[in-house]
Amino acid sequence: MNQTEKKVKRKTKKALINEIKITLNSDSANESLARTCIAAFASQLDPCIDQLADLRCAVSEAVTNCIVHAYKEKKGKIYINARMYSDRTVSVRITDKGCGIPDVERAMQPLFTTGSTEERCGMGFSVMESFTDGVSVSSAVGKGTSVFMTKKFE
Amino acid sequence: MDGLSIEFENGQMTVFVNCEIDHHTASRAREEIDGEFFANMPHRLVIDLTNMRFMDSSGLGLIMGRYSRCLASGCEFALYGADERAKCILRMAGMDKILNLKG
């Protein structure tokens, strides 16, 4: 039997069908812009409104974290990379070069915040996790943080 | 502030939120609501989210902060018109059981 006649089982791999990269200033006015950009990108999948709103909310939380915590409301850049795959999954990576998180596990606990407790309620990561299919965070103190989230659109 | 309208009637202050509430807009909303609250000292504060187009956890912070002000002043508090996503965020913080949620 020659090679071409052999039946080869191939695992179906999802293909990357689109990608965008955005760099924003860490200005709170850009929180809305970030949401709008990612929503416009994911709209190419003709998603249901609720799922799109979920992703907008998760992106808003991540970008807000960069502004409030990573850069402590000072100047910095926020790097957003969104990818769309053939299985209708969208991944969004939001990266900063801010102060970094000393204890990621602790930071992700509900109601934990290093912000002014009167108005920062420490639910950002909880919201991200609740409204996406998964969130992973990598960080180094003094270097920055990268938040990676995925959402599969039905 | 654009997107926020505040009305007074019979000692009740109603804040109609007609915009998106995120970290950016929450700080301006907070200043305006607190300014009117302390200038007028209502006996009831109602926050109406019926026409709010978006909320993330900054909105939760805004609501919780206003609720705290009410508790400290002996003022009643009620939240109207929260949609399913807003209720979900409130539930995550356990605030759905504490706040007076209507409609």
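Note on naming: letters A, B, ... go to the chains in the order of the sequence lines (proteins, then strands), and numbering restarts at 1 for each one.
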With the side chain counted from C-beta on, respond yes when [X] and [Y] share a heavy-atom pair under 4.5 Å apart, and no when they do not.
| X | Y | result |
| --- | --- | --- |
| A:Thr150 | A:Thr132 | no |
| B:Leu90 | B:Leu99 | yes |
| A:Gln51 | A:Lys152 | no |

| Contacting moiety of A:Ala53, where chain B heavy atoms sit under 4.5 Å |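 Contact with chain B: backbone and side chain both.
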| message | Between A:Ser126 and chain B, with a heavy-atom cut-off of 4.5 Å, which part of the residue counts as in contact: side chain, backbone, both or neither? | response |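 Answer is both: backbone and side chain atoms of A:Ser126 are under 4.5 Å from chain B.
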| said: Please output the residues of residues 3-13 of chain B in contact with chain A, using a heavy-atom cutoff of under 4.5 Å, in numerical order. | reply: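 At a heavy-atom separation under 4.5 Å, chain A is reached by no residue of residues 3-13 of chain B.
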N/O donor-acceptor pair under 3.5 Å between [X] side chain and [Y] backbone:
| X | Y | answer |
| --- | --- | --- |
| A:Arg83 | A:Leu16 | no |
| A:Asp27 | A:Ala29 | yes |
| A:Asn81 | A:Arg93 | no |

| query | How is the hydrophobic cluster of A:Tyr79 composed, in terms of its other members, when Ile, Leu, Val, Met, Phe, Trp and Tyr link through side-chain heavy atoms under 4.5 Å apart, directly or indirectly? | reply |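 ILVMFWY cluster around A:Tyr79 holds nothing else.
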| query | Do B:Arg66's NZ or CZ and the ring of B:Phe37 fall within the cation-pi criteria of under 6.0 Å and 45°? | reply |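 The answer is no; the distance or angle limit is not met.
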Determine the option with the most heavy-atom pairs under 4.5 angstrom with chain B, choosing from [options].
| options | answer |
| --- | --- |
| A:Gly124, A:Ala58, A:Ser60, A:Ser32 | A:Ser60 |
| A:Asp50, A:Asn30, A:Val63 | A:Asp50 |
| A:Met123, A:Arg56, A:Glu31 | A:Glu31 |

| At what distance, to the nearest 0.5 angstrom, does CD of B:Glu36 lie from CG of B:Leu45? |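 Answer for the CD-CG pair, B:Glu36 versus B:Leu45, is 11.5 Å.
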| field | Neighbours of chain B found in residues 138-147 of chain A - heavy atoms under 4.5 Å | value |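 Residues in range: none.
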| said: Non-hydrogen contacts under 4.5 angstrom with chain B: give the residues of residues 65-78 of chain A involved, or none if there are none. | reply: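 The residues closer than 4.5 Å to chain B, in numerical order, are A:Ile67, A:Val68, A:Glu73.
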| Quick one: do B:Arg69 and B:Asp34 make a salt bridge, cutoff under 4.0 Å? |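 Yes, this pair counts.
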